[in-house]
Structure formats: C-alpha cells, structure tokens
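Computed over heavy atoms, backbone and side chain alike; hydrogens, waters and symmetry mates excluded. Small disclaimer: the values here were computed from a predicted structure and weren't measured.
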Amino acid sequence: MDQAMAAWPARVAAEAALERRGRTLDADVLIEIGDKAWLAAIRRGQVVELRHGPFVLPSFTLALRITAEGMARFLAPQPLPGWNDLLALRRQGALRIEGDTAVFFAHLAWFKGALALLRQGPVPARAVPPPAPWGEPAFEPVTGRYLRMDIEGRPHRVYVEQAGEGTPLLLLHTAGSDGRQWRDLLNDAEITQRFRCIAFDMPWHGKSSPPAGWEGEEYRLTTAGYTGLVMAVARALRLDRPIVMGCSIGGRIVLDLAAEHPEAFRGVVGLQGSAFTGSYYDLSVLHHARIHGGEVCGAMVSGLIGPSAPEAAKWETLWHYMQGGPGVFRGDLHFYAEEGDLRGKLARIDTARCPVALLCGEFDYSCRPEDTRATAAAIPGATAVIMPGLGHFPMSEDFAGLRPHLLPVLERMAGR
C-alpha cells in the first residue's frame, strides 16, 4: 500500500476526467487504511501534498477510515460483488466517513475514481469501439403520448410510451429516473410481438411534470401512493390483467400489488426487488444546498452498475439520474429506504392467484442477492434468479444480459 500511495498523486494528475470532476475540490483528507494513515492536501482535484502518518491530532476536512480487508477487496484486480465500490464498502461496514461529509458526497465521483487508482499495475483501458452509424433515418416502433388523468383528485399529465401488441406488460422505472430505462425492451421485436409494452414516467419524473402547486410541497413517495398510482394508470389505460414489471422501487412495489390486488394482474416481476433494504448513507445529501443534485445522484448509483456493462449503456443510465428534478431521488428513497417496509405483507401473497418472479443482478449492493433470496423464501411459490455480471439496472445497463433470464418468466406469466 505504501508504494501505491506514493504513486497516487501522479496517477490522479494523469486522469483528465478526475481533473474535471474535482475542479472545485479543496480539502485536506485523512485516509486511514487499517493501521496506516496518510494526509492528502487536495487542491482543485489535484493531490498537491501527501504525508505519511502516524499523526497526533491531525487537522483535516474529511476522514476516510477503511479496514485493511475492505481495501484489499476493493483494490482486487476484479473486485467481487459487494466490494467493487466505495459505497459498497460503506454498506459492508468497511468504510467510515467523518468530518465534513458534504465535501465527500459533493465530489463522490472524484473520490470513487481517485481511490480506484490505488490498484497496482497500469490502469486497465476498456476497448470501446465507436458505435456503428444508424444509416438511413428511421423511426423506432415506440410511440409516446401524454395521458391526462386525475391522481388522488389532482389533474396530471403522465407521459406514456408503448410498443407492441398482445398481453399488456406495464413497466415501472427506478427511483430518480424515468421510463427511458426500458428503451431496449420497447425495441425488442420478439417481445413486442407477444406483449403490449407500456412504460410511463411517474409524476415528478422524466417528462411527467409535478402537479400544479408542487412549488409548495416536498415530494415523498409512499407505499399507498405508489400502489394507488400504478392501479390508476392501469385503469386509465384499460389494461386487462397486465403483467407488471418494475425495477428497484418498482421491484419493491410489485410485492404490494401482489398482496393487495392479486386479481388485477397475471403476475408480477421484480427486478432488483426485495421487501426492504434500509439506508446505508445519509439520504439528505441527495437534496443539499452545497451539493449538485444531478452529479451526486449519478455518482451515487454508478457503482451499482455491473462492471462488464457496455460503456454507452452505463453512461446513458447515469445520465438519466443526472437529469432528475431537485429532491426527487431523495423523495423516492423515502419509500425505498424508510417507509416502504413490506416484510409484513409477504405471507399474504398467493402466487396461485398472482405469480411472483424476482430477478437480481449479483453486483447490486443496494438490493443484494441475499435480500432477494430472503424475500422469495418468504413468499410460497415465488421464484428468484441471481443474474451473473449484472447490477441494479439490468434493463438499461445490459439488456442483452437480462434478456435470457427474463424471456422464460414472461412466457410463463403470459400463458395464464
């Protein structure tokens, strides 16, 4: 580790992306790894001085205290699931963040990238071929329209995209993002030959604006409100017993739909779905006067994407997060990490009436594979599949990796 730290300032200086992400980072950062310590003076994203400890009552802006085992797992050439990201270390209890934590989260993308440079050897370069040109201009087989509808007695304009014909398949996006996450599924001819695929942006998300009067409110998603929204959209679209598939918060709420309205659905599919997760960081940083909301939201979820995901798909997934409205991601996580504990409802789910299938990427340290397995085990007849190589956003980060796991599930449910 001494050798890696000695080379660290030069490696940081050589990374143009870090120079851009750290352009406003001025801090003295204490980095403890096991029983060793370094004090880094960082100015405009550059490590201008690095002193080796031990220190007696050091003065610092921020301290990152990492266990030796946790750092060794993080710096492995190919980190194992659950150890591949700084916030994964926080989730494992291997990282403590002390001092001015707003500085850490305001520059989260810098800290993630900079500490990853401590891996020994040359920084591996991923060969990313340029995308092939489309050729002749052509419309995709996806149509988008605004649906005027009342939600809890208030008028809304809900943006809806659709493709295909057949069994209705209602698609729910993740917290803080929007229906663009389903772009690849909506363009999959084999799926749209059998299914009418429908993705909508929740109010406050994507192209669905908040309702009139939003400026006087604080957005907070709740279990009752979310289930009510899905049921209202299904009724407004006159869907006959659709399959509902959601991811993350969407993968959670399908459990409530199965418990409360089993007769309304052919089945539910939860991607990255578990009954509860809790929070492993201070959610207030997602809506903070000193922190750029879009940048912290994108940086926060970046490590949840599987390491083998195509670069273009990874960065498009993150771009959707960077575009979210102020406080919307935080408001969604009120349901996901605080209010929406569905563990008490699982025993009520009757999979003979409403089948439940849960699919989880192995690199998701938010809804972890063990969380998905535990949820499925508490629902008699539910199925669970752990998908190698995938992370928290399988439909947008790597649809080709999700597809072989998903198609059999959809076929079974469509035949009911």
(message) Would you compute the distance between atom CE of Met300 and atom CG of Leu86 and round it to the nearest 0.5 angstrom?
(response) 11.5 Å
(message) For the backbone of Val285 and the side chain of Asp282, can you confirm whether one donor and one acceptor N or O come within less than 3.5 Å of each other?
(response) no
(request) Evaluate salt bridge (Lys or Arg N to Asp or Glu O under 4.0 Å) for Asp188 paired with Arg403, printing each intermediate quantity in order. (result) CA-CA 10 Å; Asp188 189 305; Arg403 197 174 185 275; 2.5 Å; yes
(request) Apply side chain to side chain contact (heavy atoms under 4.5 Å, CB included) to Leu342 and Phe276, showing your working. (result) CA-CA 6 Å; Leu342 301 184; Phe276 191 63; over 6 Å; no
(message) Arg51: which residues meet the side-chain hydrogen bond (donor to acceptor under 3.5 Å, both in side chains) condition with it, sequence neighbours left out?
(response) none
(request) Verify, without hydrogens or angle tests, whether Arg96 (side chain) and Arg65 (backbone) share a donor-acceptor contact under 3.5 angstrom. (result) no
(request) Run the salt-bridge test on Glu15 and Lys112 with the 4.0 Å N-O cut-off and return the result as yes or no. (result) no
(message) Side chains of Thr375 and Ser274 only: does a donor on one sit below 3.5 Å from an acceptor on the other?
(response) no
(request) Measure the spacing between CH2 of Trp83 and CG of Leu89 and express it to the nearest 0.5 Å. (result) 6.5 Å
(message) Between Met245 and Leu271, is the side chain to side chain contact (heavy atoms under 4.5 Å, CB included) condition met? List the steps.
(response) CA-CA 7 Å; Met245 176 163 61; Leu271 306 181; 4.2 Å; yes
(message) Can you confirm if the aromatic rings of Trp204 and Tyr219 lie within a centre distance of less than 6.0 Å?
(response) yes
(request) Kindly compute the distance separating CZ (Arg91) from CZ (Arg368), expressed to the nearest 0.5 Å. (result) 4.0 Å
(request) For the residue pair Phe393 and Tyr321, categorise the inter-ring angle as parallel (less than 30°), tilted (30 to 60°) or perpendicular (more than 60°). (result) perpendicular
(message) Would you compute the distance between atom CG of Leu318 and atom CD of Glu295 and round it to the nearest 0.5 angstrom?
(response) 12.0 Å
(request) Please tell me if the side chains of Phe111 and Phe104 come closer than 4.5 Å, counting only heavy atoms from C-beta onward. (result) yes
(request) May I ask you to decide if Gly70's main-chain N or O and Thr67's side chain share a donor-acceptor pair within less than 3.5 Å? (result) yes
(message) So that I can tick it off, tell me whether Asp256 and Lys345 are bridged by a salt bridge, with the cut-off set at under 4.0 angstrom between side-chain N and carboxylate O.
(response) yes
(request) Ignoring hydrogens and angles, tell me if any N or O in the side chain of Ser177 forms a donor-acceptor pair with the backbone of Thr317 under 3.5 Å. (result) no
